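This is a predicted model, so every value here is computed, not measured. In what follows, every chain begins at residue 1, and chains take the letters A, B, ... in the order their sequences are listed.
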2 protein chains.
Amino acid sequence: MSELGKTHHPRTEEVELALSAFARRVLLDAGDVVRMRQLMRSFELHPAGFPVSSLGPGPSLKWIVTGWACEARVLPDSRRQIFSFLLPGDVLLARPAHATRPCTVVALTRLECIDVDQLLSSATEGPRARLADAMATATDINEERKFEHIVRLGQHSAAERVVHLMLDLRDRLAEVGLVRGDTFRLPLTQEHLADALGLSVVHVNRTLRALRTKGLLEIRFGGVTLLHRQQLASIAGRVQAPP
Amino acid sequence: MSELGKTHHPRTEEVELALSAFARRVLLDAGDVVRMRQLMRSFELHPAGFPVSSLGPGPSLKWIVTGWACEARVLPDSRRQIFSFLLPGDVLLARPAHATRPCTVVALTRLECIDVDQLLSSATEGPRARLADAMATATDINEERKFEHIVRLGQHSAAERVVHLMLDLRDRLAEVGLVRGDTFRLPLTQEHLADALGLSVVHVNRTLRALRTKGLLEIRFGGVTLLHRQQLASIAGRVQAPP
DNA sequence: CGCGATTTTGAGCCATGTCAATCGGAGTGG
DNA sequence: CCACTCCGATTGACATGGCTCAAAATCGCG
């Protein structure tokens, strides 16, 4: 059962980052932003390592303000497949507990999020439609990422998968202002990467070492720095060399 | 551009199979069925090998009466990833041509389908709600299959992937009465299988040969027969022997 | 300082990919 | 009916990426 709280005080800076990214995406005016900031004082807090499930009988959308989560499924033989990582600014679909059908959402870090239904119902008339729209778009993007992920798993080598994922995470974090230079927090163990990318932990490690050796990225202390974005992009297969 | 036709006469038997499967799923009464049969006289015909795109500016749902399709994306280096196979009874999301963003739907055989919007608008009040519900459910199932596919690609060996897919196809075709014994049509080349399962054509071939040699299935003439469903299921699920 | 979790490394094996050639059936033109 | 061609299926030889097992090193933390 997820521990909910309305009182914990989030790190103001991160909330402000999320808010301003949100204001940009949804085109909020100054007044809207003030009201949103008010709304964001009450949020759900989910502890790291626990499933994020909906309280009601049906599924519910949550908008992530702070923290990371993932969608995953554990197979009968205890292997685990991670379907996606969910970052601040993303929307996650929390299903009722016990509904393990498609996948389970699990908090990877302490997770602060806002119930989308509540958000919409307490928003003022003006931004409500744009908010609803943004939430729908976010959900679509989640689906689209599934396609990307299938391509990664089906067509890419280990190095390509790792790099492709890192670039994806970078771009998404950059949109919410969580990238400085090309450095960002990465609260994932190599086992998480392995489970997401369909590789063994050992091979993820070797792959990272190879990239590090080539001076393409640095990973340390739960953080990454991408060193040659251009070159990394070409490894990930995103760019075709002109023929 | 897909060739549309309202005149071609589908094979009555297959249409009746689709209709009765549909009636079962949506709980149509005899009168509904008669009206549906009327509706199904006019359908869109898409030739094999061509993209199935929506005619209007937005995406549109089509209900497949006859034939196979797939969702796929071609990568810049000409590799191809197939995301899903779509069978009679399934619903496909046709996007406007030029919208290659997430994926493209391609007809693998001659494809007869009905536009869902038209279907709903011409249905009588009684079944309309149940129809809409069935279409929404079908769409959800499509999404759920993406998760299954990710698991296949991320966690399964070549043999497991092949068997898992075959069992999936069998179950889905069985629901619309297209399986006799454990034999069904399979209008896929080994290259299609390879592109879907993230394997090389050569290795798909070898994997099939191994399964054939073990007497687990037969593939010939665009058709398959599964011989030991039980045993195949245990291969696909990596059921562990008790230690 | 000791413990559990994670990262790192090495050695060796096996699955899968690549390259290249052959084979078989279906269609096509003569 | 034959020669030709094309596409897909098949096979062999060989290279290699990624896995497994096992152990060491390192880190985070009490």
*Asks:* When rounded to the nearest 0.5 angstrom, what is the spacing between CG in L61(A) and CG in N142(A)?
*Replies:*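 Answer for the CG-CG pair, L61(A) versus N142(A), is 9.0 Å.
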*Asks:* Going by atom types only, do T225(A) and E218(A) share a side-chain donor-acceptor pair under 3.5 Å?
*Replies:*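 No.
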*Asks:* Any donor-acceptor pair under 3.5 Å linking the side chain of Q81(A) with the backbone of A196(A)?
*Replies:*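 Flag set: sc Q81(A) to bb A196(A) pair under 3.5 Å.
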*Asks:* Please report the distance, rounded to the nearest Å, between CG in L188(B) and C1' in dA9(D).
*Replies:*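 Whole-Å distance recorded here is 15 Å.
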*Asks:* Can you tell me how far the CZ atom of R101(A) sits from the CZ atom of F147(B), to the nearest 0.5 Å?
*Replies:*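 Result: 13.5 Å between the selected atoms.
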*Asks:* When you compare the protein's N or O atoms with those of nucleotides 10-16 of chain D, which come within less than 3.5 Å of each other, and at what distance?
*Replies:*
from: dT10(D); atom 1: OP2; to: Q190(B); atom 2: NE2; distance (Å): 2.7
from: dT10(D); atom 1: OP2; to: N205(B); atom 2: ND2; distance (Å): 3.1
from: dT10(D); atom 1: O5'; to: N205(B); atom 2: ND2; distance (Å): 3.3
from: dT11(D); atom 1: OP2; to: R209(B); atom 2: NE; distance (Å): 2.9
from: dG12(D); atom 1: N7; to: R206(B); atom 2: NH1; distance (Å): 3.4
from: dG12(D); atom 1: O6; to: R206(B); atom 2: NH2; distance (Å): 3.3
from: dA13(D); atom 1: N6; to: R206(B); atom 2: NH2; distance (Å): 3.1

*Asks:* Please assess K146(A) against E71(A) for the test salt bridge (charged side-chain N to carboxylate O under 4.0 Å, His left out), listing each intermediate value before the final yes or no.
*Replies:* CA-CA 11 Å; K146(A) 299 277 186 317; E71(A) 298 179 290; 2.9 Å; yes
*Asks:* Can you tell me if T109(B) uses its side chain to pair, donor with acceptor, with the backbone of G67(B) under 3.5 Å?
*Replies:*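 Not at all, since once roles are kept as given, no pair shorter than 3.5 Å links the two residues.
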*Asks:* Measure the distance from CG on L199(A) to C1' on dT7(C) and round it to the nearest whole Å.
*Replies:*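 My rounded result for the distance is 16 Å.
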*Asks:* How many angstroms lie between OG1 in T207(B) and CG in L193(B), if you round to the nearest 0.5 Å?
*Replies:*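 Rounded to the nearest 0.5 Å, the OG1-CG separation comes to 10.0 Å.
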*Asks:* Can you tell me the distance, in whole Å, between the CD atom of E160(A) and the C1' atom of dG17(C)?
*Replies:*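 Going from E160(A) (CD) to dG17(C) (C1'), I get 13 Å.
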*Asks:* Does G222(A) reach a base, just sugar-phosphate, or nothing at all? Heavy atoms under 4.0 Å.
*Replies:*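 Since no nucleic acid heavy atom lies under 4.0 Å of G222(A), the category is nothing.
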*Asks:* What's the CZ-C1' distance between R161(B) and dG17(C), to the nearest Å?
*Replies:*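 So the two atoms are 12 Å apart, to the nearest Å.
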*Asks:* Tell me which one of V91(A), L93(A), L92(A) satisfies side-chain contact (heavy atoms from CB on, under 4.5 Å) with T139(A).
*Replies:*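 So, applying the side-chain contact (heavy atoms from CB on, under 4.5 Å) to T139(A) and each of V91(A), L93(A), L92(A), only V91(A) qualifies.
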*Asks:* Find the distance E191(A):CD to dT20(D):C1' and express it as a whole number of Å.
*Replies:*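 For the pair E191(A) CD and dT20(D) C1', the rounded distance is 15 Å.
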*Asks:* So which of D182(B), I235(B), L216(B) actually passes side-chain contact (heavy atoms from CB on, under 4.5 Å) with H228(B)?
*Replies:*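 The option that passes is L216(B).
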*Asks:* Figure out the NE2/C1' separation between H203(A) and dA22(D), and round it to whole Å.
*Replies:*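 Whole-Å distance recorded here is 18 Å.
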*Asks:* Take the C1' atoms of the five end pairs on each side of the helix from dC1(C)-dG30(D) to dG30(C)-dC1(D), get both axes, and report the angle to 10 degrees.
*Replies:*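 What I find for the helix from dC1(C)-dG30(D) to dG30(C)-dC1(D) is an axis angle of 40°.
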*Asks:* Are the side chain of H149(A) and the backbone of F83(A) linked by a donor-acceptor contact shorter than 3.5 Å?
*Replies:*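 Indeed, once roles are kept as given, a pair shorter than 3.5 Å links the two residues.
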*Asks:* Mind listing the N/O atom pairs, protein and nucleotides 24-30 of chain D, below 3.5 Å?
*Replies:*
none

*Asks:* Nearest whole angstrom, please: distance from the P of dT16(C) to the CG of L153(B).
*Replies:*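 So the CG-P distance, L153(B) to dT16(C), works out to 13 Å.
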*Asks:* Rounded to the nearest 0.5 Å, what separates atom CG in L153(B) from atom CG in L197(A)?
*Replies:*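 These two atoms lie 12.5 Å from each other.
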*Asks:* Looking at every strand, decide which applies to T207(A) at a 4.0 Å heavy-atom threshold: base, sugar-phosphate, or nothing.
*Replies:*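 No contact.
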*Asks:* Could you tell me whether T189(B) contacts a base, only the sugar-phosphate backbone, or nothing, with contacts defined as non-hydrogen atoms closer than 4.0 Å?
*Replies:*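 Touches sugar-phosphate only.
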*Asks:* Provide, to the nearest angstrom, the distance between the CG atom belonging to L108(A) and the P atom belonging to dA5(C).
*Replies:*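 Atom-to-atom, L108(A) to dA5(C), this comes out as 18 Å.
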